[in-house]
Amino acid sequence: MRSHYCGQVTEQELGNTVSVAGWVHKRRDLGGLIFVDMRDRTGLLQVVFDPDFEAMFNEANKLRQEFCVQISGEVRARPEGQINERMATGKVELLAKEITILNRSAALPIDYNQQVSEEQRLRYRYLDLRRPDMNEKIQFRARVASAVRRYMDSHGFLDIETPMLTRATPEGARDYLVPSRTHKGKFFALPQSPQLFKQLLMMSGFDRYYQIVKCFRDEDLRADRQPEFTQIDIETTFMSADQVRELTEGLVRSLFQELMDVDLGNFPVMAYSEAMRRFGSDKPDLRNPLELVDVADLMKDIEFKVFSGPANDEKGRVAVIKVPGGAALSRKQIDEYTNFVGIYGAKGLAWMKVNDRAAGMDGVQSPVLKFLPEVVVSALLERVDAADGDILLFGADKANVVSEALGALRLKLGQDFDLVADGWKPLWVVDFPMFEDTDEGYFALHHPFTAPIGVNAQELQANPGAALSNAYDMVLNGVEVGGGSVRIHDNQMQQVVFNILGIEEDEAQEKFGFLLDALKYGAPPHAGLAFGLDRLVMLMVGASSIRDVIAFPKTTTAQCPLTDAPGYANPAALAELNIQVKE
């Protein structure tokens, strides 16, 4: 039906007769001539209809946006002054000789040239995907997946599928449950990740596994979350954490080099404790120069309890962000930032403007200045290296509240003051705490199959709060694009971790008995990592949401406007499954 794609018709085809098929992107009637921009997934091609060919010219008069057509004609050079250097086909045009209207289009419910709601875009996704920018994003995603496979294959990895219908796994979100017709009252769970199966593959002797796999999590959604998402899942045997990081860093570097001609260089490595101390986040955006500076030691002996209280609490924190040029902020703007940190649990936002540092106490302005001795103010300004025109913004509370609130504020300030640099800033974050200590007990910061660093089972049991996990996250421009760990391969260590997490032996056997049994039979040391393919592609194409790089995504309420899913089940099907819907 066609000899060429639209985007392939270049100067090399001058004088040749070609046939193209696609959609009418734009039609322009200039009186004597009709110009049509033809579009397919490779790009645009200008087609010219000459009135000397009367029957075909009349057909061209019928064309409207999104008509599906086939056109044959002669490739000729565009006249001087009409060349479009921005198009691959911009130096040529197709003089039409034959046209077939394959299908007409009704009036479009969404307009390419206007902003429409995301709901409308998803409702008519098949039209939205025709837009060149969306088309390019989906094609780019395909190239990423292809490059991943080539890289993994070249490093000796096997692409092995794992089950979609399985048991629940402890990944921290609700499972999507699938009822079993043949086993009344029982349910499969869609996998939140292939975690247990990829570990079993290591125990089965497949020492290098990978998979580009769908995962499912029933959780609250946002711009970088979907109920179904795609992972680049990787697991290895007899490789250390350093070796896994080297391998997967090489993968990401090769993707950027091959597909974007960007050299990311070697990735720096930062401990979790340093990331939280300096940036208030375990996924810091290093393009933003603002940092958190701890000042609790300066505040321990002052009378101002808002600062001295957290300063003397072992679980408290007092930190400050210095914003260059921030002294120009109005009181209303400061109040807006105070409301912002309140979202993250902060009770307030103390501030200090540096108007004239050389003037000492007379050169600073703050509602809390009367509570601070001159020696403290002097030491504070010295520590943050304050300059005239700066503002200092304080957080004082439990350490997690201060870190989360000031970490979020740091990102907002970076955007508001236009401080975020262009380019790419990758980072490895390592040495995470093994457990999170809460009022309800210990929780695994990653998952319960992550191995600790440098302790045996007895030492871990004796002091779980001090243990670090052998885990690692890859961060790119403030987004976690991948994470993994060295796994527990010793049955005794796994039992201790379950015990710390409050998972009783019977419960562990019920949920993970097959894994615990496999650990008894010569399980090798193994480690792995999973990338979020959607997030990675989102960053690479400069999109603001993973929905822009998924062909048929869900809304933030986990619905599909295109198919109107989820829908109600047939009562007969529910009866067959012994399920009754409760109103």
Side-chain angles (χ1 to χ4, degrees), residues 1-2 5-7 20-30 34-47 49 59-71 84 86-90 99-144 221-230 533-535 537-567:
M1 185 170 281
R2 64 183 169 198
Y5 282 95
C6 290
V20 293
W23 288 267
V24 175
H25 188 69
K26 186 184 294 184
R27 175 182 173 276
R28 305 184 302 281
D29 190 340
L30 301 184
I34 292 176
F35 291 88
V36 167
D37 287 343
M38 275 277 290
R39 187 194 73 244
D40 60 23
R41 71 179 177 90
T42 65
L44 298 172
L45 173 65
Q46 179 171 285
V47 182
F49 294 88
E59 280 292 283
N61 262 319
K62 302 175 186 176
L63 297 179
R64 296 294 181 270
Q65 189 179 16
E66 294 309 301
F67 272 35
C68 186
V69 297
Q70 177 193 15
I71 300 175
N84 187 343
R86 293 174 297 178
M87 293 172 56
T89 62
I99 178 172
T100 303
I101 297 177
L102 302 172
N103 209 337
R104 288 167 166 76
S105 172
L108 297 176
I110 59 175
D111 189 336
Y112 296 163
N113 301 313
Q114 296 180 358
Q115 289 291 333
V116 296
S117 69
E118 186 174 59
E119 183 88 11
Q120 283 291 92
R121 288 179 56 201
L122 297 183
R123 168 68 180 84
Y124 298 100
R125 189 63 162 181
Y126 44 87
L127 296 178
D128 186 50
L129 289 174
R130 290 185 192 174
R131 291 192 296 118
D133 66 318
M134 284 300 300
N135 192 286
E136 289 168 9
K137 289 171 184 173
I138 299 302
Q139 289 193 60
F140 186 86
R141 180 189 175 112
R143 292 198 295 273
V144 170
L221 305 182
R222 58 190 186 203
D224 60 352
R225 281 183 181 171
Q226 281 278 292
E228 53 180 320
F229 58 96
T230 306
L533 177 63
D534 313 299
R535 288 185 186 179
V537 176
M538 176 189 75
L539 288 175
M540 295 176 80
V541 302
S544 58
S545 167
I546 61 172
R547 291 189 290 276
D548 283 340
V549 296
I550 298 173
F552 299 103
K554 306 292 188 293
T555 66
T556 53
T557 57
Q559 292 178 301
C560 176
L562 175 65
T563 62
D564 201 24

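Excluded from the calculations below are hydrogen atoms, water molecules and symmetry mates; all remaining heavy atoms, backbone and side chain alike, are included.
F229 does not carry R225 over the face of its six-membered ring by the limits of under 6.0 Å from the centre and within 45° of the normal.
Here the OG1-CG distance, from T563 to L122, works out to 10.5 Å after rounding to the nearest 0.5 Å. For the atom pair CZ of F35 and CD of Q46, the computed distance is 5.5 Å after rounding to the nearest 0.5 Å. To the nearest 0.5 Å, the span separating CE on M1 from OG1 on T100 amounts to 8.0 Å. The CD1 atom of I546 lies 11.0 Å from the CG atom of L539; values are rounded to the nearest 0.5 Å. Rounding to the nearest 0.5 angstrom, the gap separating the CG atom in L45 from the CG atom in D37 is 8.5 Å. Atom CE in M38 sits 12.5 Å away from atom OH in Y5 (nearest 0.5 Å).
Between M540 and V549, the closest side-chain pair of non-hydrogen atoms is not below 4.5 Å. Two residues are said to be in side-chain contact when any heavy atoms from C-beta on lie closer than 4.5 Å; K137 and F140 fail this criterion. Annotation: side chain of E66 is in contact with side chain of L108 (closest heavy-atom distance under 4.5 Å). Side-chain contact between R141 and T230 is present, with at least one heavy-atom pair separated by less than 4.5 Å. Two residues are said to be in side-chain contact when any heavy atoms from C-beta on lie closer than 4.5 Å; R547 and T555 fail this criterion. Side-chain contact between D29 and N61: present, with at least one pair of heavy atoms (C-beta onward) separated by less than 4.5 Å. Within the 4.5 Å cutoff, side-chain heavy atoms of L562 are placed close to those of Y126. Counting heavy atoms from C-beta on, the side chains of F49 and L63 come closer than 4.5 Å.
Side-chain contact annotation: S117 with E119, donor-acceptor N/O pair under 3.5 Å absent.
In this structure a side-chain-to-backbone donor-acceptor pair under 3.5 Å is present from D40 to C6. Put simply, the side chain of R27 gets close to the backbone of A60: a donor and an acceptor are under 3.5 Å apart.
Qualifying side chain to side chain donor-acceptor pair (under 3.5 Å) partners for N84, counting only residues two or more places apart in sequence or in other chains: none. A search for side chain to side chain contact (heavy atoms under 4.5 Å, CB included) contacts involving N103 returns C68, not counting sequence neighbours. The salt bridge (Lys or Arg N to Asp or Glu O under 4.0 Å) check on R86 picks up nothing, with sequence neighbours excluded. By the side chain to side chain donor-acceptor pair (under 3.5 Å) test, Q120 pairs with no residue at all, sequence neighbours left out. Partners of D548 under the salt bridge (Lys or Arg N to Asp or Glu O under 4.0 Å) rule, at least two apart in sequence or in another chain, are R121. D133 pairs by the salt bridge (Lys or Arg N to Asp or Glu O under 4.0 Å) definition with R131, not counting sequence neighbours. Here R123 pairs with nothing under the side chain to side chain donor-acceptor pair (under 3.5 Å) rule; sequence neighbours left out. Every residue was checked against the salt bridge (Lys or Arg N to Asp or Glu O under 4.0 Å) condition with E136, not counting sequence neighbours, and none meets it. The side chain to side chain contact (heavy atoms under 4.5 Å, CB included) test applied to E59 returns K62, I99, I101, not counting sequence neighbours. Remark: L44 engages H25, R39, M87 in a side chain to side chain contact (heavy atoms under 4.5 Å, CB included) (not counting sequence neighbours). By the side chain to side chain donor-acceptor pair (under 3.5 Å) test, S105 is found to be paired with no residue, residues two or more places apart in sequence or in another chain being considered.
Sorted by first and then second residue, the pairs that involve residues 552-562 and meet salt bridge (charged side-chain N to carboxylate O under 4.0 Å, His left out), not counting sequence neighbours, are E228-K554.
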